[in-house]
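Reading through the structure tokens given below for one structure.
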Amino acid sequence: MKQRKIRILIAKPGLDGHDRGAKVIAKFLQESGYEVIYTGLHQTPEQIVNAAVQEAVDAVGISVLSGSHNYVFTEVMRLMAEKGLGDVVVFGGGTIPEDDIPELKAAGVKALFRPGTPLEEVLRFMKENVG
Amino acid sequence: MADNKNLDAIRAETARWAETVQKATSRWPERQETFESLSEVPIRRLYTPVDVPDLEYLKDLGYPGEYPFTRGVQPTMYRGRLWTMRQFSGFGTAEETNQRYKYLLENGQTGLSVAFHFPTLKGVNSDHPLARGEVGKCGVAIDSLRDMEVLFDGIPLDKVTTSMTVNHPAPVLLAMYLVVAEKQGVGWDQVGGTVQNDPLKEFFAQKSYVWPPRESVRLLVDTMEFCAENVPRWHPVSISGYHIREAGSTAQQELAFTLADGIAYVQAAVDRGLDVDRFAPHLSFFFDSHMDFFEEIGKFRAARRLWARIMKERFGAKNPKSLWMRFHTQTAGVSLTAQQPLNNIVRTAFEALAAVLGGTQSLHTNSFDEAEALPTEEAVTVALRTQQIIAHETGVASTIDPLAGSYFVEAMTDEMERAAEAYIRKIDELGGMVAAVEAGYPQNEIIRSSMEFQKAVEEGRKVIVGVNRYAREDEGSIPLLKIDDSVEKAQLARIADTKKNRDNDAVARCLDRVRDTARSGENLLPPIVEAVREYALLGEVCDALVDVFGAYQDPAVF
Amino acid sequence: MDYVAEALNGSQLAGARLIRLLEEGDPAGVEALKKLYPHTGNAFILGLTGPPGAGKSTLTDRIIAEFRSRDLKVGVVAIDPSSPFSGGAILGDRVRMQRHATDPGVFVRSMATRGHLGGLSRTTGEAVLVLDAMGYDVILIETVGVGQDEVEVVDLAHTTAVVALPGMGDDIQAMKAGILEIGDLFIVNKADKPGADDVVKQLTVMLEMRAGSADGWQPRVLKTVAVKGEGIADTVNAFLEHRAHLERTGALAERVAERELRFFRELVKEMAADLIFGSFQGSGAYADLVERLKARQVDPYSAAETLLAGFSCRAT
Ligand SMILES: Nc1nc2c(ncn2[C@@H]2O[C@H](COP(=O)(O)OP(=O)(O)O)[C@@H](O)[C@H]2O)c(=O)[nH]1
Ligand SMILES: [Mg+2]
């Protein structure tokens with residue numbers, strides 16, 4: 001009896017406590033049938049990546065509104081590669097200026113959703129890239 | 001508002017009119033079947049005296065500067081003095097922010113407002129592992145008295161008033177400010193300003209908490225007590241609805257939870273044995289001004305009236321200044337869109353106008369680029385000019401509370417008051433706001449509202465221009481302020497240097513005293529002042545308190 | 001990647017991926033499990049059950065810390081409910097335990113019930129085996145905590161703790177029915193709230209009335225304040241005492257043997273059903289039988305007998 005369920009880690013790095021976006025996404029993905037593991041607030045990149053290892057997730061979504069996106073995503077991508085999670089899809093959301101997006105994508109972040117992105121677009125992305 | 005006979009006649013006439021409208025709408029239906037405010041209050045087609053049947057002018061509105069303060073807290077309001085234009089700002093290092101402050105003061109701003117970076121708000125130093133990438137990004141980095149000295153260099157603290165937006169670690173920042181004043185030769189009795197220092201909302205709104213609810217309220221009461229005795233012109237708390245709203249609450253929840261926080265603080269101070277008429281005049285408030293124009297105006301007016309009634313009836317305050325609610329307003333950050341950013345100038349202008357018509361004492365207008373980053377100098381200037389245009393060109397500041405008597409505005413004011421009262425009753429039943437927070441009540445309410453709002457936007461029931469309506473693919477980009485990583489390096493170097501050049505034994509002794517005082521229950525402010533004077537780092541002082549109080553962890557409710 | 005070898009080497013990535021295969025019912029998972037099996041049977045398996053919000057996850061976090069301070073490696077399987085509507089889930093137990101995420105001696109795996117009743121997920125047992133083989137000394141299972149009938153954990157755990165909280169009043173009486181029998185330990189958490197001592201008293205009285213368990217263990221009632229870490233060392237000591245008791249009396253071996261037997265019978269049932277239904281794949285007689293069943297021309301008992309009669313003919 002095979003039943004494949006997509007598992008997604010939603011993480012909130014750093015000291016910033018604005019978790020509304022992370023929670024809205026988590027709730028929405030749950031309602032769309034995904035299994036979402038939430039890390040809670042105040043995570044270091046290492047904590048996030050270790051959680052992704054232990055939970056054997058298909059994707060990791062990170063919400064950043066503190067301006068630390070360059071650091072966070074670069075560090076997460078580095079650790080993911082180091083720990084053998086090269087096949088896990090990483091996406092992000094929050095206040096990420098357009099200008100910074102190309103560099104983050106080059107580092108391997110699959111998608112960055114800016115504020116105001118319709119949730120349907122996130123769902124389409126998940127379906128196309130994760131399952 | 002009107003006598004009963006009159007009301008009956010109006011009722012009859014309204015019914016007759018409704019029938020004629022019925023005929024028209026059966027052929028040409030209205031745009032929507034129902035209309036709701038941003039916070040889901042049903043909005044009727046027309047408001048008449050029938051919608052405010054119980055309104056009594058003298059009892060419910062009265063006169064500006066007099067109970068119940070519905071029409072404003074000062075007898076002359078903006079005819080006497082305009083609101084304080086106080087742009088919240090801070091970024092990068094203390095040096096950079098100091099330059100920005102001087103620029104704003106030269107351009108007619110009348111008060112300072114410090115935005116701290118997240119590490120400071122969370123009570124940790126720039127060298128904390130979680131601070132990586134956040135140093136100086138969303139505010140100025142302050143790790144010790146040294147940074148504070150730089151921040152106010154060349155700004156005479158007896159000439160400006162300063163608002164500091166920081167909560168759980170607020171006593172530490174206040175202590176630094178006081179020591180800087182001292183070093184400028186300015187006595188504590190001459191410095192004026194505000195620390196936000198509103199701990200409870202951190203648990204359900206901004207989430208910049210350090211210690212648990214009860215301990216955080218104790219520290220607040222310590223600050224109130226200390227200021228009442230030593231810093232008479234200082235407002236030791238700014239009870240804030242802003243972050244509650246930004247976390248996704250409705251206007252009613254913003255109002256209710258803010259007042260419930262206020263009630264908890266006043267009660268805690270009274271329980272400590274403080275005289276309500278001594279500390280209450282120093283309480284101040286802080287609200288959000290969102291997009292629904294009349295709802296917001298109703299909220300501001302209801303806030304004043306309700307608070308005056310609470311202070312008089314619940315706490316038996318007698319000093320008129322204990323009853324008045326003075327508040328700062330910030331236009332809604334969440335209403336800004338990253339898409340078509342110039343539209344934000346217009347949004348901010350309407351929100352600012354609502355705040356002025358609602359009788360705010362001071363105002364921050366957001367800059368149009370703030371959905372994505374901290375504002376550039378140009379964007380800040382437009383934001384400040386927006387306030388100046390409202391003040392000097394529109395004429396709205398020439399008379400007091402110009403919308404009073406509008407059936408709609410009075411009905412919205414009543415509606416807000418009733419909704420907030422219902423919430424406050426519920427919170428009383430739960431045992432007050434501290435218990436309610438521990439039980440997760442406001443947390444759950446806000447989550448529910450924010451999810452509903454999100455759904456309404458997704459379904460297009462709520463329109464956001466440029467986002468879910470009139471969106472464009474080919475958006476140009478605007479120049480954004482970039483904070484580079486040199487700030488982090490500079491800050492780390494300064495911490496190392498501070499640690500090398502201070503008397504580390506003295507610091508250790510001071511921190512022990514902080515811990516001892518935390519245990520003994522005496523006022524914590526004096527040992528905190530001594531610790532920062534010796535250049536104890538912010539994170540060291542906060543850690544000492546965590547040693548005794550424990551650290552709070554968010555329950556992450558959905 | 002050779003998941004088995006890597007997992008036995010302690011690789012969290014390999015262990016996690018193996019659990020994922022098992023959770024998905026991938027045959028490769030079962031094959032791996034067969035190879036891991038000889039390396040299992042060493043871990044001390046603890047179950048934590050009780051109503052939602054009682055503080056199970058917070059307690060788990062503190063218990064992890066306490067075991068770690070005693071130099072024991074800890075695995076956790078935390079179960080949360082799947083939505084019956086979307087099939088999705090938000091697994092939030094981990095939030096309380098994230099500070100251990102950088103400790104290589106701790107492994108936390110969240111699981112959704114995916115419709116399984118009884119307080120665990122269908123593959124909780126398999127996940128525990130994997131963690132056991134990986135060398136975790138203690139494995140904590142946090143049950144869903146929704147119903148009164150969360151008794152499945154007893155099958156799996158050596159020691160089961162029931163978490164209660166002050167102010168439960170009548171609920172304590174209601175607990176008598178199911179939960180009271182399954183607890184080896186009772187933890188009254190949130191003892192910082194008024195009424196904790198009342199609950200302790202009520203539980204103690206009720207347990208005294210309960211017939212002692214067959215192996216002679218007298219259940220204990222403990223008080224904790226998980227958010228402050230109070231009472232945790234005592235709780236862990238009580239866990240270890242129960243474990244020692246089980247070992248001393250030989251009850252542990254009995255429990256384990258019973259479980260293996262039960263699990264074996266379950267598997268036989270499951271596999272037999274697969275085998276039987278599989279053998280009738282595409283058979284006309286089978287389709288005919290199903291049609292008659294649907295039309296209520298035959299009762300399910302007779303239909304089952306007919307089917308099995310047909311199967312045994314084929315088999316011989
Ligand atoms: N006052 C108090 N609250 C607690 C205690 N233990 C846990 N909590 C809180 O209770 C809530 C639920 O805890 P959680 O561990 O998620 O419970 P679970 O649903 O049983 O896993 C959280 O907000 C915890 O912070 C305690 O000992 N005292
Ligand atoms: Mg739990």
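Keep in mind that the numbers below use all heavy atoms, side chains included, and drop hydrogens, waters and symmetry copies. Residue numbers start from 1 in every chain, and the chains themselves are labelled A, B, ... in the order their sequence lines are given, proteins ahead of strands.
Cation-pi geometry between K110(A) and F91(A) is not met at under 6.0 angstrom from the ring centre and within 45 degrees of the axis.
Using modelled atom types, no side-chain atom of T143(C) and backbone atom of L120(C) make a donor-acceptor pair closer than 3.5 Å. Checking side-chain atoms of K5(A) against main-chain N and O of G87(C) turns up a donor-acceptor pair under 3.5 Å. Counting only distance, with no hydrogens or angles, the side chain of N50(A) and the backbone of A101(C) share a donor-acceptor pair below 3.5 Å. With hydrogens and angles ignored, the 3.5 Å screen pairs a side-chain donor or acceptor of N129(A) with a backbone N or O of F125(A). With hydrogens and angles ignored, the 3.5 Å screen pairs no side-chain donor or acceptor of D192(C) with any backbone N or O of V225(C).
Only the side chain of R20(C) comes within contact range of chain A, with heavy atoms under 4.5 Å apart. For a residue to count as touching a neighbouring chain, one of its non-hydrogen atoms must lie under 4.5 Å from one of that chain's; by this rule F107(C) touches chain A with backbone and side chain alike. Heavy atoms closer than 4.5 Å to chain C are found in both the backbone and the side chain of Y38(A). In this structure, the portion of V106(C) lying under 4.5 Å from any heavy atom of chain A is its backbone and not its side chain.
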Inset, instruction - Evaluate side-chain hydrogen bond (donor to acceptor under 3.5 Å, both in side chains) for E152(C) paired with H116(C), printing each intermediate quantity in order. - result: CA-CA 11 Å; E152(C) 219 178 37; H116(C) 186 85; 2.9 Å; yes
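Ranked by heavy-atom pairs shorter than 4.5 Å toward chain C, the options A56(A), G40(A), A52(A) are led by A56(A). Among the candidates L91(C), D80(C), D274(C), the residue making the largest number of heavy-atom pairs closer than 4.5 Å to chain A is L91(C). Counting heavy-atom pairs under 4.5 Å between each of S86(C), P104(C), G15(C), S83(C) and chain A puts S86(C) at the top.
S57(C) and D93(C) are linked by a side-chain donor-acceptor pair at a separation below 3.5 angstrom, with hydrogens and angles left out of the test.
Between E98(A) and I101(A), the closest side-chain pair of non-hydrogen atoms falls below 4.5 Å.
Of all residues in residues 66-88 of chain A, those placing a non-hydrogen atom less than 4.5 angstrom from a non-hydrogen atom of chain C are K83(A), G84(A), L85(A), D87(A), V88(A).
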